[in-house]
Amino acid sequence: MKILLIGHSVFDIVSLSEKDVSSPGGIFYSAQQLLKISSPEDELFICTQIDDYTKEYFLPVYSGFNNDFIEKVDAIPSVKLFPDNKTERKEVYLNYPSKLNLSKINFSDFNYIMINMITGTDISPDDLKFIRLQTSALIYFDVHTLSRPMNQSGERIFTSLKNYEEWIRNIDIIQANENEFATLGSFKSETERVNKLFELGVKIILLTKGSNGAKAYFKSSGEVSSYFISSKKIKTINTVGCGDTFGATFFYNYIRTKNVYKSLSFAVIKTEKFLNERIR
């Protein structure tokens, strides 16, 4: 299988009570997980950006991918993260990213495409429309920071996406947490929003619910069905990378098995493992 991963790389500075922790972030976590669980026969490609100052943090993982679509820039975004186990973490960008360069990519070459909107400006709606027109590949889309435009101070604020339909029409599988999901149009209930997204052409909706677990909506015999899988309670404030790990795990297992329930279950298990390894 030829798999393409698209999203910005960012350098994280995670502000914890005892100290600040610096680490590679953004699409790094999706790439790291995909590399762990993929088969040696798979051809993995990544479209992202790196710079000379932080590339050594990313290359141990990115070297496992075809690097033809990695662009070198003066500086990738540096992001200060303030985790909070009661509310959505605060994110402040210290510099702003440029849109990813897709000009070298022949999208018809790929069987599966995963797009993670790490910064929200990774690609544009027109880019996604172009990708969809060029390929019949399954397109997986993580809403992520598309739901949080940047204010003048560099802080990300949840904002309703007025043009959400432009994005949704070109997506097969969509992933969002509860706050991100609420930015996709204005609806009275989760059920109304789910039904609208299916009307627009989405095949599977993944709704992550933090420490409670995750839910998948899909159509079976023309009717909307759902699975919910709870997760183990793991005591940690730093959950950076969990959604990316979950997404990459579901994405790869679904394209292998086409089984929503098994893929959802495996994604929750692997995300729990990711968190447990961090706190050891």
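Being a predicted model, the structure only gives us computed values, none of them experimental.
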* For Ser23, does its backbone N or O pair with a side-chain atom of Asp12 as donor and acceptor, under 3.5 Å? -> no

* Testing Tyr112, Phe65, Tyr62, Phe110 for ring pair (Phe, Tyr, Trp, His ring centres under 6.0 Å) with Phe45, which one passes? -> Phe110

Without hydrogens or angle criteria, can the side chains of [X] and [Y] be said to hold a donor-acceptor pair below 3.5 Å?
X      : Y      : value
Thr119 : Thr121 : yes
Tyr29  : Asn116 : no
Ser231 : Glu272 : no
Ser124 : Asp126 : no

State the [atom1]-[atom2] distance between [X] and [Y], to the nearest 0.5 angstrom.
X      : Y      : atom1 : atom2 : value
Ile204 : Ser263 : CD1   : OG    : 7.5 Å
Glu71  : Ser98  : CD    : OG    : 5.5 Å
Ile131 : Ile171 : CD1   : CD1   : 10.5 Å

* Asked: Taking only residues at least two apart or on different chains, which pairs with a member in residues 157-203 satisfy ring pair (Phe, Tyr, Trp, His ring centres under 6.0 Å)?
  ->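 Qualifying pairs: Phe141-Trp167.
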
* Asked: Any side-chain heavy atom of Lys215 within less than 4.5 Å of one from Leu264?
  ->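 Answer no - side chains too far apart.
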
* Asked: Aromatic rings Tyr140 and Phe250: how do their planes relate, parallel, tilted or perpendicular, breaks at 30° and 60°?
  ->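 Tilted, since the angle between the ring planes falls between 30° and 60°.
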
* Taking only residues at least two apart or on different chains, which pairs with a member in residues 91-112 satisfy salt bridge (charged side-chain N to carboxylate O under 4.0 Å, His left out)? ->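 Every salt bridge (charged side-chain N to carboxylate O under 4.0 Å, His left out) pair that includes a residue of residues 91-112, provided the two are not neighbours, is Arg89-Glu91, Glu91-Arg148, Lys99-Asp127.
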
* **Pairs meeting criterion salt bridge (charged side-chain N to carboxylate O under 4.0 Å, His left out) with involvement of residues 72-81, two or more places apart** =>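 Matches after skipping sequence neighbours: Asp20-Lys80, Asp52-Lys72.
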
* Asked: Which heavy atom in Ser230 sits nearest to a heavy atom in Val268, and how many Å separate them?
  -> O-CG1, 3.9 Å

